[in-house]
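Quick note: numbers below take in every heavy atom, side chains included, and nothing from hydrogens, waters or symmetry partners. Here is the naming used below: chain letters follow the sequence lines, and residue numbers restart at 1 for every chain.
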Number of protein chains: 2
Amino acid sequence: MDADKVFKALGDPTRRRLLDLLCEQNGQTLGQLCEHLDMARQSATQHLDLLEAANLVSTVKRGREKLHFINPVPLHEVYERWVRKFERQRLSLLHDLKQELEGEDQ
Amino acid sequence: MDADKVFKALGDPTRRRLLDLLCEQNGQTLGQLCEHLDMARQSATQHLDLLEAANLVSTVKRGREKLHFINPVPLHEVYERWVRKFERQRLSLLHDLKQELEGEDQ
DNA sequence: TTGACATGCAGGTATTTACCTGCATATTAT
DNA sequence: ATAATATGCAGGTAAATACCTGCATGTCAA
């Protein structure tokens, strides 16, 4: 997994919206997805290309249509390898800050 | 929580590195953090400002120093409100894709 | 007090990014 | 066959971004 591509892909609201749309209904065509976006089809394609490069979306051609499927695996890996590290230390990290705010010599 | 700010903040490798550094040792000064980065101090400050705007980092001034504390809460909220939605549907989403790849009429 | 140190502030620039338009190609339906 | 449809491809532009340099301010220590 290329963590940088995944995070960069998630860093744009349009791309998160696309993932949301695919979560509601998986396997949508480019045209279907565009109906919900206020931008040119070609712009949406560029966003979808980035999602595909990050392996967050996989596509299948069916005739003249292109179907888009969300792939939740990279999200899971991001969580497992990156977010959980902070989760584990959550309470202690907050404790550090609280101590500092209260003054360490109390 | 401003999800967009959080995702944008996480979308840069330098800022993820800063969070990593704070996870290793919380409460570091700007100078300490800069020792691990290959860029001007002022550039690091800009990254830290974005992390602070996203509420991923809180700061406390101590004399002429500025201490930085990681705040794991937004990460947790991002996970809870956003990533878990996909987690929950993980298996079924993969199933959709598998079906499509195998041909739906089989 | 004065010099060293830690950080803040104000631009400036080159790259990346998020859009767009115009046209080409491939598939389906009449 | 031909028209309509779905998507691909190739630039072009304006804004955002990630850097930088130079200088100012505030704090500590000798």
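Atom CG of residue B/Leu10 and atom CG of residue B/Leu56 lie 5.5 Å apart, to the nearest 0.5 angstrom. Atom CG of A/Leu19 and atom CG of A/Leu51 lie 5.0 Å apart (nearest 0.5 Å).
Side-chain contact check for B/Thr29 versus B/Lys66: every heavy-atom pair is 4.5 Å or farther apart. At least one side-chain heavy atom of B/Val60 sits less than 4.5 Å from a side-chain heavy atom of B/Phe69. Taking the side chain as every heavy atom from C-beta outward, A/Leu48 and A/Leu33 approach each other to under 4.5 Å.
No continuous path of ILVMFWY side-chain contacts below 4.5 Å connects B/Leu50 to B/Val6, so the two sit in separate hydrophobic clusters.
When atom types are taken as modelled, the side chain of A/Asn71 and the backbone of A/Val57 share no donor-acceptor pair closer than 3.5 angstrom.
Legend: side-chain hydrogen bond (donor to acceptor under 3.5 Å, both in side chains) pairs involving residues 36-50 of chain A, not counting sequence neighbours, sorted by first then second residue: A/Arg15-A/His47. For the ring-ring contact (aromatic ring centres under 6.0 Å, His included) condition, the pairs that include at least one residue of residues 3-27 of chain A, sequence neighbours left out, are A/Phe7-A/Trp82.
The distance between atom CD of B/Gln32 and atom P of C/dC5, rounded to the nearest whole Å, is 16 Å. Between the CG atom of B/Leu33 and the P atom of C/dG8 there is a distance of 12 Å, rounded to whole Å.
Considering all non-hydrogen atoms of both residues, A/Ala44 and A/Met39 come closest at N-SD, 3.9 Å.
Residues from residues 35-43 of chain A placing a heavy atom under 4.0 Å of any atom in DNA chain C, listed by number, are A/Met39, A/Ala40, A/Gln42, A/Ser43. Annotation: proximity of residues 45-52 of chain A to DNA chain C (heavy atom, distance under 4.0 Å) is found for A/Gln46, A/His47, numbered in ascending order. For DNA chain C, no neighbouring residue in residues 4-20 of chain B is found when judged by any heavy atom under 4.0 Å.
Inspection of the A/Glu52 and A/Ser58 side chains reveals no N or O donor paired with an N or O acceptor under 3.5 Å.
Note on B/Lys66: every side-chain N or O is 4.0 Å or more away from OP1 and OP2 of C/dA6.
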Nucleotide-resolved protein contact map, nucleotides 25-30 of chain D, B/S/- at heavy-atom distance under 4.0 Å | -BBS--

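The pair A/Lys8-A/Asp4 meets the salt-bridge criterion, since a charged nitrogen lies less than 4.0 angstrom from a carboxylate oxygen.
With A/Gln28 as reference, A/Leu22 is the one residue of A/Ile70, A/Leu22, A/Leu67 to meet the side-chain contact (heavy atoms from CB on, under 4.5 Å) rule.
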